[in-house]
Chemist: 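What follows is a structure written as structure tokens; I'll ask about it next.
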Amino acid sequence: MLNEKIHTGPVETPKTVQETAPVVELPVQYPKSESNAQDIVKVVNLSKQFDGIEVLRDINLTIKKGDVVSILGSSGSGKSTLLRCMNWLEQPERGSIHLGDERIGINPATRKPLKYKELAKIRERIGMVFQSFNLWPHLTVLRNVMEALLHVKKMPKVEAEKIARAQLEKVGMSHKLDSYPSMLSGGQKQRVAIARALAMEPEVLLFDEPTSALDPELVDEVLTVMQSLSKEGYTMVVVTHEMEFARNVSSQVVFLEKGILIEKCPPEKFFTHPDSPRVRQFLKLDGA
Amino acid sequence: MDYYGWMQLLQGAWTTAWISMVSIALGVVIGLVIALIRMAKLPIIDQILGVYVSWARATPLVTLALFIFLSFPSFGINLDKHFSAILCLTLNTSAFNAEIWRNAFLNFSSGQKEAAEALGMRRMTYFRRIMFPQMVVMSLPALVNEMSFLIKGSPAIAVIGVVDLTRVTNRIAAVTYEPLLPILCAGILYMCIIGVLIKLQQMAERKANYLAG
Ligand SMILES: Nc1ncnc2c1ncn2[C@@H]1O[C@H](COP(=O)(O)OP(=O)(O)OP(=O)(O)O)[C@@H](O)[C@H]1O
Ligand SMILES: [Mg+2]
């Protein structure tokens, strides 16, 4: 039933060196013909329960390189859970998630959960930005971004600092390198959090309502950064309530309802003539 | 008070200081280890440690000191009185420190850990680099408080014959027949020792302001 893939030896993790082309080329050795080299994330028949209640049911979703996927849906529909399954912060009961041609969370040969360090290895390739920023308050802005480079990637300090500075420049936070997170506004914190994720050169970036904790006047500075990332070709999955962002920036819109994926299409279609009546109702398209 | 009296007084201060410092150092580390083990919630071990913590926190130091000093010889083990004193103070302060550390664990937000996990950070790295430094700064006021309680409670070890800073004043007074001066000096020396700790605490609090937001 499950779409299990057979793996052929270790996969090389390609790393780009140029800062101008951060999107990583994927290896082109796919075992199954239906897979496509352009697929970065594949979610297959994913189901997840909390305390016996199904919050995700049979989700299938393919995310291609350069895609910006907006996930919409009402509160409690399972958007965060779906996103968190993608880097195994939540463990689904059924189905599988693949990053490139590696399976996340489960060893496909033994069907057992990955060891923590194997999981950590694959998580390095997935960036995540949280609603509540989750910066480390005891470290300066610069150190927040350097930390994983130094202690996960084990980079020399000089190199880590160079990358951290460049990423902070990109999100417009170069002027606050030595500030502590408590001295920053919400929008600034979120931009630092984005730089922290970018510094690891992830193959895909997950955003869980990145602007929901912000004062309205600070939302735009974060959305602007995200829009520029999409132009650079980053692959992004964004849970959001920002309709403008979903309409103007994303390449695909996904709608979840009670744990079921009921619509997936480009924004042009989604916002004008979606197939699902529930989406029409959500967007108040029927004038009712 | 003659030269000999002053020397005795300083010796008493030294005894109090070194026994307290050893107990404090052991107590902070053992308290952390207990808290770490308890956070793992291992069935029986957790209950045993829970009982120990409640027992040690409820037992007066004098009682504990006498208990240690009298009970070991009945098993045929003769303890040095200084060793007994350290054991007594450490048993007591470890229990209080374990609760302080445990509180720091329980109050730590899960978000910082998720951010670390999402970046592929290993658990040990997360603990060492992210969680522990903040726990130290946040717990330090409570830890320093507990340290000063230990020093102020340390005269209890005189019951098993350790000549500490308080006890020595009796001895001096027995010779000079002027009890007020030595006890006054002892009070000042206690204040100096604890003053150093308070200074430490203030530095920690200033650092903790960064972590507030
Ligand atoms: N850790 C958990 N334990 C138990 N139930 C949970 C847990 N996390 C989420 N849920 C439940 O799962 C369902 C989906 O939650 P989820 O957070 O994914 O929704 P969401 O679409 O992100 O909602 P929101 O827009 O409010 O963030 C909800 O009913 C929620 O109560
Ligand atoms: Mg959510």
Side-chain angles (χ1 to χ4, degrees), chain A residues 13 80 83-84 86-90 115-140 143-154 179-186 188-189 192-193 196-200 202 205-208 213, chain B residues 28-29 32 35-37 39-42 97 100-144 200-213:
Chain A
T13 315
S80 299
L83 201 72
R84 290 163 59 82
M86 289 186 194
N87 65 357
W88 220 249
L89 284 177
E90 303 289 355
K115 293 200 192 70
Y116 192 84
K117 82 174 181 197
E118 297 166 330
L119 181 59
K121 209 71 209 150
I122 202 163
R123 277 173 169 162
E124 278 183 44
R125 299 161 53 196
I126 308 168
M128 185 151 196
V129 175
F130 300 84
Q131 180 175 345
S132 49
F133 329 121
N134 296 345
L135 294 178
W136 299 310
H138 63 308
L139 300 176
T140 62
R143 294 298 302 212
N144 259 279
V145 180
M146 285 170 67
E147 193 65 14
L149 297 176
L150 292 174
H151 301 286
V152 176
K153 290 209 164 172
K154 317 269 186 218
S179 301
Y180 283 87
S182 59
M183 305 164 170
L184 305 179
S185 73
Q188 292 174 326
K189 282 184 201 173
V192 174
R196 177 174 68 177
L198 289 180
M200 297 292 282
L205 279 163
L206 311 176
F207 295 81
D208 191 0
Chain B
V28 167
V29 176
L32 177 62
L36 276 168
I37 296 174
M39 289 315 288
K41 295 201 176 68
L42 306 169
N97 288 337
I100 294 170
W101 286 124
R102 204 162 79 101
N103 256 319
F105 274 117
L106 294 174
N107 290 334
F108 212 83
S109 74
S110 62
Q112 292 190 51
K113 181 170 185 212
E114 286 187 350
E117 281 182 30
L119 289 160
M121 201 177 281
R122 307 278 281 277
R123 287 196 186 102
M124 208 43 221
T125 313
Y126 164 73
F127 180 72
R128 250 193 15 249
R129 309 236 9 128
I130 309 294
M131 194 175 189
F132 187 63
Q134 294 181 64
M135 278 176 57
V136 170
V137 176
M138 286 190 286
S139 306
L140 212 49
L143 289 173
V144 170
L200 239 159
Q201 177 178 358
Q202 284 167 349
M203 278 158 58
E205 266 165 15
R206 225 166 297 140
K207 186 97 203 275
N209 286 340
Y210 285 132
L211 308 185

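On a predicted model such as this, the values are computed, not experimentally measured, just so you know. Chain letters run A, B, ... following the sequence lines, proteins first, then strands; residues in each count from 1.
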Chemist: Between K121(A), R196(A), M200(A), which residue shows the highest count of heavy-atom pairs closer than 4.5 Å to chain B?
Modeler: R196(A)
Chemist: Would you give the length of the straight line joining atom CD of E147(A) to atom CZ of R129(B), rounded to the nearest 0.5 angstrom?
Modeler: 4.5 Å
Chemist: Out of M121(B), R128(B), E117(B), which one racks up the most heavy-atom pairs below 4.5 Å with chain A?
Modeler: E117(B)
Chemist: Given heavy-atom pairs under 4.5 angstrom as the criterion, report whether the side chain, backbone, both or neither of L135(A) touches chain B.
Modeler: backbone
Chemist: Does H138(A) use its side chain to pair, donor to acceptor, with the backbone of V137(B) at less than 3.5 Å?
Modeler: no
Chemist: Do you know the tightest heavy-atom contact between Q112(B) and W136(A)?
Modeler: O-NE1, 3.2 Å
Chemist: So, for N134(A) and A115(B), which heavy atoms are closest and what is the spacing to 0.1 Å?
Modeler: O-CB, 3.5 Å
Chemist: Which heavy atom of Y116(A) sits nearest a heavy atom of R122(B), and at what distance?
Modeler: CE2-CA, 4.0 Å
Chemist: Between atom CD1 of I126(A) and atom CG of L119(B), what is the distance when rounded to the nearest 0.5 Å?
Modeler: 11.5 Å
Chemist: At their closest point, which heavy atom of M128(A) faces which heavy atom of A118(B), and how far apart are they?
Modeler: CB-CB, 3.9 Å
Chemist: Answer with side chain, backbone, both or neither: which region of L89(A) has an atom nearer than 4.5 Å to a non-hydrogen atom of chain B?
Modeler: side chain
